[in-house]
Amino acid sequence: KRVAVLISGTGSNLQSLINATQDPTRHVGAEIVLVISNIPNVEGLKRAERAGISTKVIRHKDYNNRIDFDMAMDKELAKAGVEIICLAGFMRILSAEFVEKWRGRLINVHPALLPLFKGVHAQRQALEAGVRVSGCTVHFVEPDVDAGAILVQETVPIEIYDTEDTLTERIKTAEHKAYPKALKLLATGKVRLGSDKKIFWC
Ligand SMILES: Nc1nc2ccc(CNc3ccc(C(=O)NCCCC(=O)O)cc3)cc2c(=O)[nH]1
Ligand SMILES: N[C@@H]1O[C@H](COP(=O)(O)O)[C@@H](O)[C@H]1O
């Protein structure tokens, strides 16, 4: 399957997807053919270039509204023959039109055990809630943010000394395991999004 990864920054999740898809022994069944960032000069773009993957910068500030920005991304995705999109630290909300068009082929990784702690600063929400376990979730993307069907979750303990940074780092380690696992399930047809928007195990 031809995959695009959408980023806005560091790209450590992108790196884990590059490592997994470029390792023939892992049989992920996916090839990353395009990386799109809405922010120029981020580290994730360098990671893609180093891996020989095409990159595009599409700045949301260049568009009058969300739909036009999404359509500009969609044009590049179609040109590259993309079949699956992975959001990896992509920080723009996508329009319902874009999500509908890509439903079932558009996944995201969230740094908490959804449905807990939706939205931004999920790690901070977990610390403030005083939970003793958190983790990450790879889910299908729906118009309603962080509400899509769940493919994979990984848990991590919260230590009493944890700060937002130490917890974020531990959760990222879990993300780097969960995301390649989820992409493999989707790319090899082990999982689908049912018409009822629920997960369907084939
Ligand atoms: N429609 C849809 N689109 C998404 C886009 C990105 C992410 C990644 N996780 C994200 C979750 C939340 C945000 C957020 O609230 N950012 C501040 C507002 C930025 C803006 O105005 O755009 C961004 C990404 C998830 C979703 C999703 O679940 N559904
Ligand atoms: N959506 C969240 O944004 C962060 C992106 O990190 P990176 O992949 O750019 O390192 C990750 O923690 C992910 O859960």
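Both counts, for ligands and for their atoms, begin at 1 and track the order of listing. This chain uses plain numbering: 1 for the first residue, then up along the sequence.
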Residue pair [X] / [Y]: nearest heavy atoms and the distance that separates them:
{"X": "I39", "Y": "V57", "answer": "C-CG1, 4.2 Å"}
{"X": "A187", "Y": "I84", "answer": "CA-CD1, 3.9 Å"}
{"X": "A51", "Y": "I18", "answer": "CB-CG2, 3.7 Å"}
{"X": "A149", "Y": "L193", "answer": "CB-CD1, 3.7 Å"}
{"X": "A88", "Y": "V5", "answer": "CB-CG1, 3.8 Å"}

Under 4.0 Å from a heavy atom of [X]: which atoms of ligand 1 are those, numbered in the order shown and with their elements?
{"X": "F90", "result": "6 (C), 8 (C), 24 (C)"}
{"X": "P143", "result": "1 (N), 2 (C), 29 (N)"}
{"X": "V99", "result": "1 (N)"}
{"X": "V120", "result": "13 (C), 14 (C), 15 (O), 16 (N)"}

So for ligand 2, is [X] a polar contact partner (N or O within less than 3.5 Å, distance only)?
{"X": "N108", "result": "no"}
{"X": "M91", "result": "no"}
{"X": "N13", "result": "yes"}

For this session: Of the side chain and backbone of L94, name the one, both, or neither that has a heavy atom under 4.0 Å from an atom of ligand 1.
Result: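 The answer is both, backbone and side chain.
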Exercise. By number and element, which atoms of ligand 2 are closer than 4.0 Å to a non-hydrogen atom of T10?
Worked result: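 In order of numbering, the contacting atoms are 9 (O), 10 (O).
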For this session: Using a strict cut-off of 4.0 Å, indicate which atoms of ligand 2 neighbour a heavy atom of E175.
Result: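 Checking each atom against E175, I get 11 (C), 12 (O), 13 (C), 14 (O).
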Exercise. At what distance, to the nearest 0.5 angstrom, does CZ of R26 lie from NZ of K181?
Worked result: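 That separation rounds to 11.5 Å.
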Exercise. Looking only at non-hydrogen atoms, which of E43, K172, H176 approaches atom 6 (O) of ligand 2 most closely?
Worked result: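 Minimum heavy-atom distance to atom 6 (O) of ligand 2 goes to K172.
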Exercise. Which option, S16, A122, G9, P111, owns the non-hydrogen atom nearest atom 2 (C) of ligand 2?
Worked result: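 Ranked by closest heavy atom to atom 2 (C) of ligand 2, first place is P111.
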Nearest protein heavy atom to [atom], by residue and atom, and its distance?
{"atom": "atom 11 (C) of ligand 1", "value": "V145 CG1, 3.7 Å"}
{"atom": "atom 19 (C) of ligand 1", "value": "M91 O, 3.6 Å"}
{"atom": "atom 21 (O) of ligand 1", "value": "R66 NH2, 3.0 Å"}
{"atom": "atom 1 (N) of ligand 2", "value": "V109 O, 3.3 Å"}
{"atom": "atom 13 (C) of ligand 1", "value": "I93 CD1, 3.5 Å"}
{"atom": "atom 2 (C) of ligand 1", "value": "E142 O, 3.5 Å"}
{"atom": "atom 9 (O) of ligand 2", "value": "G11 N, 2.8 Å"}
{"atom": "atom 5 (C) of ligand 2", "value": "G89 CA, 3.5 Å"}
{"atom": "atom 6 (C) of ligand 1", "value": "R92 O, 3.4 Å"}
{"atom": "atom 7 (C) of ligand 1", "value": "L87 CD1, 4.0 Å"}
{"atom": "atom 28 (O) of ligand 1", "value": "D146 N, 2.8 Å"}

Problem set entry | V3 and T21, any side-chain heavy atoms less than 4.5 Å apart |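 Answer no - side chains too far apart.
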For this session: State whether E43 and K46 are salt-bridged, where the test is any N-O pair (Lys NZ or Arg NE/NH1/NH2 against Asp/Glu carboxylate O) under 4.0 Å.
Result: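 Salt bridge absent between E43 and K46.
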Problem set entry | Pairing of E97 and K101 as salt bridge, 4.0 angstrom limit |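 Salt bridge absent between E97 and K101.
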Problem set entry | Test applied, side-chain contact (heavy atoms from CB on, under 4.5 Å); reference residue, Q22; option that passes from I53, I32, V28 |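 Single pass found, and it is I53.
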Problem set entry | Parallel, tilted or perpendicular: ring planes of H139 versus H110, cut at 30 and 60 degrees |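 Aromatic pair H139/H110 classed perpendicular.
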Problem set entry | Neighbour count >12 (heavy atoms, 6.0 Å) for atom CD, E169 |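 No, because the 6.0 Å sphere around CD of E169 holds 12 heavy atoms or fewer from other groups.
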For this session: Indicate yes or no for a side-chain donor-acceptor contact from T137 to the backbone of Q153 under 3.5 Å, with no hydrogens or angles considered.
Result: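 Not at all, since once roles are kept as given, no pair shorter than 3.5 Å links the two residues.
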Exercise. Do side-chain atoms of K1 reach the backbone of L183 as a donor and acceptor pair under 3.5 angstrom?
Worked result: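 No; judged by distance alone, with no hydrogens or angles, the pair does not exist.
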